[in-house]
Participant: 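Got a structure here, written out as structure tokens. Questions coming.
Bear in mind that the values here come from a model prediction, so they are computed numbers and not experimental data. Residue numbering restarts at 1 for every chain, and letters A, B, ... go by the order of the sequence lines.
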Amino acid sequence: QQQVKQSPQSLIVQKGGISIINCAYENTAFDYFPWYQQFPGKGPALLIAIRPDVSEKKEGRFTISFNKSAKQFSLHIMDSQPGDSATYFCAASKGGGTDKLIFGTGTRLQVFP
Amino acid sequence: NAGVTQTPKFRILKIGQSMTLQCTQDMNHNYMYWYRQDPGMGLKLIYYSVGAGITDKGEVPNGYNVSRSTTEDFPLRLELAAPSQTSVYFCASSNRIGQGNTEAFFGQGTRLTVV
């Protein structure tokens with residue numbers, strides 16, 4: 001079963017726009033929710049992460065919003081740039097992130113100038 | 001500062017052949033993982049290890065084997081290659097640092113085609 005569901009599968013955004021990617025999880029034992037960014041031909045790299053004791057975390061143009069009661073979290077990319085074009089994966093883990101990461105299916109983001 | 005190194009980068013195998021995907025990390029991380037990435041399917045965990053001598057199955061372990069004799073190395077073995085194992089394989093490592101930020105570092109991937 002898919003423990004972490006991610007949507008949309010692909011996203012096209014104009015430069016300067018806001019990109020929003022959503023994830024939902026089932027296991028209430030998850031307590032660490034990272035987002036990974038992957039460029040073609042490269043391995044994923046950590047972008048930003050959140051723990052359930054906060055509802056929002058912001059790093060530059062990237063923000064994670066977390067809704068514990070709904071078991072949902074989302075990535076917002078403000079002022080999207082062509083350089084943000086990549087595949088984004090949400091993930092979840094137990095044990096404060098020390099347990100294995102369970103990934104979503106990925107979202108391919110294309111930002112057009 | 002190499003991080004996680006995977007070899008080879010590309011490989012074509014014939015059905016029934018065997019091979020080992022190599023993975024080594026120089027960050028002294030306890031945790032190591034093997035994922036496979038298929039289009040539209042995200043990253044599926046094959047096997048993982050929490051330390052030398054300890055391995056455990058992930059979501060899709062069938063057809064694969066691993067070993068962890070040292071902290072640095074975590075090879076993935078395919079014994080009888082099948083077309084369903086055509087995929088991109090990623091090795092990753094992370095450190096158990098309690099409640100601090102935990103980051104998994106990924107290798108560049110191995111693109112495997114079974115024909």
Participant: Can you tell me if B/Y35 uses its side chain to pair, donor with acceptor, with the backbone of A/F103 under 3.5 Å?
Facilitator: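 Not at all, since once roles are kept as given, no pair shorter than 3.5 Å links the two residues.
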Participant: If every non-hydrogen atom of B/Y33 is compared with every non-hydrogen atom of A/K100, which pair is closest and at what distance?
Facilitator: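 Heavy atoms of B/Y33 and A/K100 come nearest at CE2-CA, 3.8 Å.
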Participant: With a 4.5 angstrom heavy-atom cut-off, which part of B/L43 approaches chain A: side chain, backbone, both or neither?
Facilitator: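 Both backbone and side chain.
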Participant: Can you say whether A/P44 sits under 4.5 Å from chain B via the side chain, the backbone, both, or neither, judging by heavy atoms?
Facilitator: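 Both parts, backbone and side chain.
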Participant: Tell me whether B/L21 shares a hydrophobic cluster with B/Y31, the cluster being built from Ile, Leu, Val, Met, Phe, Trp, Tyr side chains joined at under 4.5 Å.
Facilitator: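 No, separate clusters.
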Participant: Taking a hydrophobic cluster as the set of Ile, Leu, Val, Met, Phe, Trp and Tyr residues connected by side-chain heavy atoms closer than 4.5 Å, whether directly or through intermediates, do B/L45 and A/Y32 fall within one such cluster?
Facilitator: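 Linked, B/L45 and A/Y32 end up in one cluster.
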Participant: If you count every heavy atom of other residues, nucleotides or ligands that lies below 6.0 Å from B/I15 atom CD1, does the total exceed 12?
Facilitator: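 Check passes, neighbour count above 12.
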Participant: Transitively linked via ILVMFWY side-chain contacts under 4.5 Å: B/M32 with B/Y48?
Facilitator: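 Cluster IDs for B/M32 and B/Y48 differ.
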Participant: Under a plain distance cut-off of 3.5 Å, with no hydrogens placed, do B/E59 and A/Q3 share a side-chain donor-acceptor pair?
Facilitator: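 Result is no, nothing qualifies.
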Participant: Assigning hydrophobic clusters by single linkage (Ile, Leu, Val, Met, Phe, Trp, Tyr; side-chain heavy-atom cutoff under 4.5 Å), is A/V111 placed with A/I20?
Facilitator: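 Not linked; separate clusters.
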Participant: I'd like to know which of B/A92, B/A104, B/G107, B/G58 tops the heavy-atom pair count under 4.5 Å against chain A.
Facilitator: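 The option with the most such pairs is B/A104.
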Participant: Would you name the heavy atoms of A/Y36 and B/E103 that are closest together and state the gap between them?
Facilitator: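 The answer is OH-C, 4.0 Å.
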Participant: Where on B/Q6 is there a heavy atom nearer than 4.5 Å to chain A: the side chain, the backbone, both, or neither?
Facilitator: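 No part of it gets close to chain A.
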Participant: Does atom CD of A/E59 have more than 12 heavy-atom neighbours, drawn from other residues, nucleotides or ligands, at distances under 6.0 Å?
Facilitator: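 For A/E59, atom CD is crowded (more than 12 foreign heavy atoms under 6.0 Å).
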